[in-house]
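Counting starts at 1 for both ligands and their atoms, following the listed order.
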Amino acid sequence: MRILIAEDDQRIAEPLSTTLQHAGFLVDVEADGEVAWHRGDTENFDTIILDLGLPNLDGLSILKRWRGSDRRSPVLVLTARGRWEEKVEAIEAGADDYVVKPFQMEEVLARVRAIVRRANGLASSRIAFKGFILDSRLLQVSRAGVPIELTPLELRLLMHLLHHRNQVVSQLQLTDHLYDQAVDRDPNAVEQLVARLRKRLGVDVIETRRGFGYVITEDTA
Ligand code: CA
């Protein structure tokens, strides 16, 4: 899961970024409004955390531009205390939720998780698939109560496929959601990760659609 934090206040952006990374998210931070707008317009994020007071282009204008050009990434707005008009305006402009500053990091984390779940049509943080349970809060996969050791990357790949269940996800899309920098991106890395996951979970959990990508299908039983 990839998150963009658009916030110019380092004292907020840094601890927020750390909290989300510890929770298994891949996090990008942008302090400039114009740059944040551009990234949200051209890249895919599972959630965007948007401060309303940004330099060069304010958060509300950014949100209106995204929604005006049909960019649908979920947006969580950060707003100052007492500015209720801002909250109303943000929600009406297409924000999915808001948090009032100052906030606890745990509150933002809980809201981001809820947004990601809703966006993917999931009712809880525990996802059942093929005899396994993925707990996206504990960052753990288990089978019949027995935890299965996965590396952070393996877990991230699995979570992405599960959040897009019954959809074929391309290698490019997976690379985008797994790795921070273009420099880490090895075209074979995703293939190798899938192979490792199959070793741990069984060969039939992740299906290959040759030429298109990978998919985990819904349990039919
Ligand atoms: Ca600000």
Side-chain angles (χ1 to χ4, degrees), residues 1-120 122 125 136-137 139 152 156 159-160 163 173 176-184:
M1 304 281 110
R2 250 181 110 200
I3 309 276
L4 175 66
I5 300 175
E7 168 62 85
D8 57 317
D9 187 341
Q10 286 284 321
R11 292 164 306 174
I12 295 173
E14 260 175 35
L16 196 51
S17 168
T18 306
T19 303
L20 289 163
Q21 285 177 45
H22 286 164
F25 293 99
L26 205 61
V27 182
D28 291 340
V29 178
E30 286 302 342
D32 180 274
E34 192 78 42
V35 177
W37 163 75
H38 181 72
R39 295 202 58 185
D41 203 51
T42 53
E43 298 174 45
N44 285 313
F45 294 97
D46 295 287
T47 298
I48 300 173
I49 298 177
L50 180 65
D51 177 38
L52 291 185
L54 288 175
N56 292 326
L57 188 62
D58 69 278
L60 207 53
S61 304
I62 294 173
L63 181 59
K64 285 176 179 167
R65 280 203 202 172
W66 282 335
R67 294 308 188 233
S69 54
D70 209 27
R71 299 297 299 174
R72 295 179 186 184
S73 290
V75 172
L76 172 69
V77 159
L78 304 180
T79 173
R81 196 194 338 228
R83 308 281 290 273
W84 67 267
E85 301 93 336
E86 265 186 10
K87 292 179 229 162
V88 172
E89 215 176 335
I91 295 285
E92 285 185 342
D96 297 81
D97 201 355
Y98 64 83
V99 179
V100 178
K101 293 180 186 177
F103 48 75
Q104 296 295 318
M105 296 302 152
E106 287 301 316
E107 183 186 353
V108 178
L109 177 58
R111 287 180 186 276
V112 166
R113 280 179 170 141
I115 285 173
V116 170
R117 281 203 306 271
R118 277 202 299 274
N120 296 291
L122 298 170
S125 55
S136 59
R137 291 190 59 196
L139 298 177
R156 220 179 261 163
M159 279 169 69
H160 193 80
H163 279 105
Q173 208 182 329
D176 235 28
H177 283 261
L178 288 174
Y179 304 102
D180 257 328
Q181 301 295 332
V183 285
D184 305 334

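Note on Asp41 versus Arg65: no salt bridge recorded, every NZ/NE/NH1/NH2 to OD/OE distance being 4.0 Å or above.
Checked by atom type and distance alone, the side chain of Thr47 never pairs as donor or acceptor with a backbone atom of Ile3 at under 3.5 Å. A donor-acceptor pair under 3.5 Å links the side-chain atoms of Glu7 to the main chain of Asp9, judged by distance alone. Within the 3.5 Å criterion, the main-chain N or O of Pro15 finds a donor-acceptor partner in the side chain of Thr19.
Each of Arg118, Arg117, Arg72, Arg67 was checked for a salt bridge (charged side-chain N to carboxylate O under 4.0 Å, His left out) with Asp96, and the lone residue meeting it is Arg67.
Around the Ca ion (ligand 1), the protein atoms of type N, O or S that sit closer than 3.0 Å are Asp8 OD1, Asp51 OD2, Gly53 O.
Looking at Thr18 and Glu14, their side chains never bring a donor and an acceptor atom within 3.5 Å of each other.
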